[in-house]
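By convention in this document, chain letters (A, B, ...) are assigned in the order of the sequence lines, proteins followed by strands, and residues within each chain are numbered from 1.
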Protein chains: 2
Amino acid sequence: MWKLTRVHDVVEKVSNLLKRDFCMVHLSLEDALNKICGADIVSNKNFPPYMKATMDGYAVRSEDCEEASYTSPVLIKLLPYHIYSGEKISVRIGSGEGVAIETGGFLPEGADSVVRVEDTVRRNSEIMIYRKVSKYENVSLPGEELAKGDVILRRGDLIRPWHLAALEALGFDAVPVLYIKASVICTGDEFVRGKAVPFTRRIVEGWLYEHAIDVKEILIAGDDPHEIASLLKELLEENDIVVLCGGSSLGSKDYSVKAVKKLGPEAHIHGIAIQPGKTTALSSIKGKLVVNLSGLPVAALAGLELVVKPILEKWIGVKYLPRPTVRAKLTKKITVKLGFRGFARVKVFTKNGSLYAEPLTVGGSGSLRSLVLGNGFVVVPEDLEGFDEGEVVEVELYGRI
Amino acid sequence: MWKLTRVHDVVEKVSNLLKRDFCMVHLSLEDALNKICGADIVSNKNFPPYMKATMDGYAVRSEDCEEASYTSPVLIKLLPYHIYSGEKISVRIGSGEGVAIETGGFLPEGADSVVRVEDTVRRNSEIMIYRKVSKYENVSLPGEELAKGDVILRRGDLIRPWHLAALEALGFDAVPVLYIKASVICTGDEFVRGKAVPFTRRIVEGWLYEHAIDVKEILIAGDDPHEIASLLKELLEENDIVVLCGGSSLGSKDYSVKAVKKLGPEAHIHGIAIQPGKTTALSSIKGKLVVNLSGLPVAALAGLELVVKPILEKWIGVKYLPRPTVRAKLTKKITVKLGFRGFARVKVFTKNGSLYAEPLTVGGSGSLRSLVLGNGFVVVPEDLEGFDEGEVVEVELYGRI
């Protein structure tokens, strides 16, 4: 018989025992997209560092040109320089002076604005300005793109494209990343004998990858507690997480959980109040996370989504983006045993402009069909027995409507 | 002066001229995650193919065991076989007969249920059954995981972990994928001279990658229309999409759009009614997509999000997942020129249990700060001049609240 632990308690108990000495690597910007940032990164300078021209023209002092107009142009003496994009010259312009500058060039000392080339007429080393400019006109200010002190990333953030752009602008060529390694063991003599394929591994592998966990190896082991334990022990040397898939129930041939127990876990919780996925087990072995998932695809996914995800967030500090959600009206009731957190697959569709969610109970709780034919899931909290037909529920979408 | 085209019209006009002879590759299941499926894939068989035991025990005919009880057990004669997980034997069991079977073994002809080993007592080649079994008890039915005719994937779907599990279950070891290739040219003499880094490329590269487009090369070209045109021509040979980043405006040194025109596009629309990103241009050259984006990071992202994304959906038929959205109350007004589709960055936060969105106008329209410091954007439709302070708007989230 099962003694079941609620998700909240499992997450608390297991997360607190896990070690936090993660491997930190410095990845080049090319390789860092969607990885987990390993440290707070704060801008240590203003970007751009100086006032920068946003138009081609002449860097001037706006006070010299305040009176310029088409009928009464202002004469400015040009210094013998040309400031190219990205360049700075160490010259200070004085009253009545200006310098030719390109878009992207840095204004010289003394200048505070740029008069556009089309508002001027040049005569050798002088220009006539036919339109007034205000202070900071046609200029981007220091720190406009990024200011000193701006927090670009915090530890645990997933690194997105704009973060990489900001890091590159500030001159970083690498970024510290938490490198969390996981391996997977699929157990079953039928897999060893080639009589079946452990297809649930694809769900585990894909889920881990999409949660910024690096999947090192996916192995197969027979129904032998010694073989599983020795493989698990070996994998724990090199990984932060080992997931065992299959053999998680209480039957005589369910050796995966027995193998975990052999290695003397500091924490070991077998039986979680989720539906499906009751047979999930979570353990800490020498501070590393060991997960026993059901071999059934949906029960495995429920274990990952409902239990492993909050553990990763609490343990590693990673901040996953929420899934898109919609509110939809149930076409049939969803029932879950009281005290269990439910993971119900649904197919959301539009009819007469309204959103409906059809619960997919096809093929039993472990069926792949419900995942493949559906596009979302509804999480039922522990204090509810489900939702009634016609009730409007929040659906997390994993596919298009 | 600009003549601006609305997003809807650009998408219609350009998409229809683009060629649809995409490269199709067959990727192994390991490599296909989050790629674009290239063909409809329908299950051509039932999985499991036969009734399968979900418990260890004995495969029997339920009609023989209907009367079994603890006080009046039923005697069944065992045939001399043992059906292992994943195995099938070609024997038909008759009335009063049964066969030992493991979880995952296929039932022999004649059997329709499995009696659990714990509900029996074995005596040599006979078992006493102490508990009745109903038809299909402890059995999963043919097609329960996947039924013949089930649509696993449609052309254009992004391939998710459960799709890969389904394909593996059905015996596929590869999947047809649309292989859409893109390259990027960043233009600017300052980049060639090493005076600045074209950091907007990180946004373009990351965006394309996250939209299942394969980024082949990211190159730099100087402000020379011949150089840009020749590079573009070369890249068009090998790519479906070429993105030019920078030099998209109307200034004398904005050579990127001029370079595109040199190659005689079938369609060329320069100036899109989006804010920021007005200088975006979309073209079709020999049926391939050429995109001119602003060199400014937010304007480039607006061009990708508001214009390129719907073109990819229409042209390639790819079905992107929606971003997560929340409804939040604006802390300040958002203003956009009437007739423009606006792309306003906001920072969503929680205060006293309510969600607020603070429009980020820091550093002008092109500023990276607004992206890095924000976590979402609000799209303002063309017929609105914006949203008022206090108005509740839909925010697409790109970061955590």
Where does [X] contact chain A at under 4.5 Å (heavy atoms): side chain, backbone, both or neither?
| X | result |
| --- | --- |
| B/L29 | both |
| B/L141 | neither |
| B/W162 | both |
| B/D189 | neither |
| B/F47 | side chain |
| B/E102 | side chain |

| field | Value rounded to 0.5 Å, distance of OG1 in B/T54 from CZ in B/R116 | value |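 One finds 10.0 Å between OG1 of B/T54 and CZ of B/R116.
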Against chain B, work out which of [options] has the most heavy-atom pairs shorter than 4.5 Å and name it.
| options | answer |
| --- | --- |
| A/Y84, A/Y398, A/F191 | A/Y398 |
| A/E87, A/E190, A/R193, A/R400 | A/R400 |
| A/L321, A/I401, A/T200 | A/L321 |
| A/P161, A/G206, A/G86 | A/P161 |

| said: If only side-chain N and O atoms count, and only distance matters, is there a donor-acceptor pair under 3.5 Å linking A/D56 with A/T103? | reply: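 Result is yes, a qualifying pair exists.
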| said: Can a side-chain donor-acceptor contact be found between B/T187 and B/S256 if the only test is distance below 3.5 angstrom? | reply: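 Distance-only check passes for B/S256 and B/T187.
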| field | Trace of the side chain to side chain donor-acceptor pair (under 3.5 Å) decision for A/S248 with A/S294 | value | CA-CA 6 Å; A/S248 65; A/S294 167; 5.0 Å; no
Checking heavy atoms, do the side chain of [X], its backbone, both or neither come under 4.5 Å from chain B?
| X | answer |
| --- | --- |
| A/N34 | side chain |
| A/L146 | both |
| A/L167 | neither |
| A/E118 | neither |
| A/V151 | backbone |

Max heavy-atom pair count under 4.5 Å with chain A, selected residue of [options]:
| options | value |
| --- | --- |
| B/K88, B/R160, B/M55, B/E205 | B/R160 |
| B/E396, B/K195, B/E168 | B/E168 |
| B/A196, B/A147, B/G188 | B/A147 |
| B/R323, B/H163, B/E210 | B/E210 |

Can you tell if the side chain of [X] reaches within under 4.5 Å of the side chain of [Y], non-hydrogen atoms only?
| X | Y | answer |
| --- | --- | --- |
| B/I203 | B/L368 | yes |
| B/K45 | B/L170 | yes |
| A/D150 | B/V372 | no |
| B/L355 | B/V348 | yes |

| request: Apply the test ring-ring contact (aromatic ring centres under 6.0 Å, His included) to residues A/H211 and A/Y209: give CA-CA distance (whole Å), side-chain angles for both, the deciding distance (0.1 Å), then the verdict. | output: CA-CA 5 Å; A/H211 287 76; A/Y209 175 83; over 10 Å; no
| message | Looking at B/R154 and B/D157, is any side-chain nitrogen of the basic one under 4.0 Å from a carboxylate oxygen of the acidic one? | response |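 Judged by the 4.0 Å cut-off on N to carboxylate O distance, B/D157 and B/R154 do not form a salt bridge.
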| query | Going by an N to O cut-off under 4.0 Å, is there a salt bridge joining A/E30 and B/R201? | reply |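 Looking at B/R201 together with A/E30, the answer is no, because their closest N to O distance does not fall below 4.0 Å.
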| request: With side chain to side chain contact (heavy atoms under 4.5 Å, CB included) as the test, would you mind laying out the steps for A/V308 and A/W207 before giving the verdict? | output: CA-CA 10 Å; A/V308 176; A/W207 191 94; 4.1 Å; yes
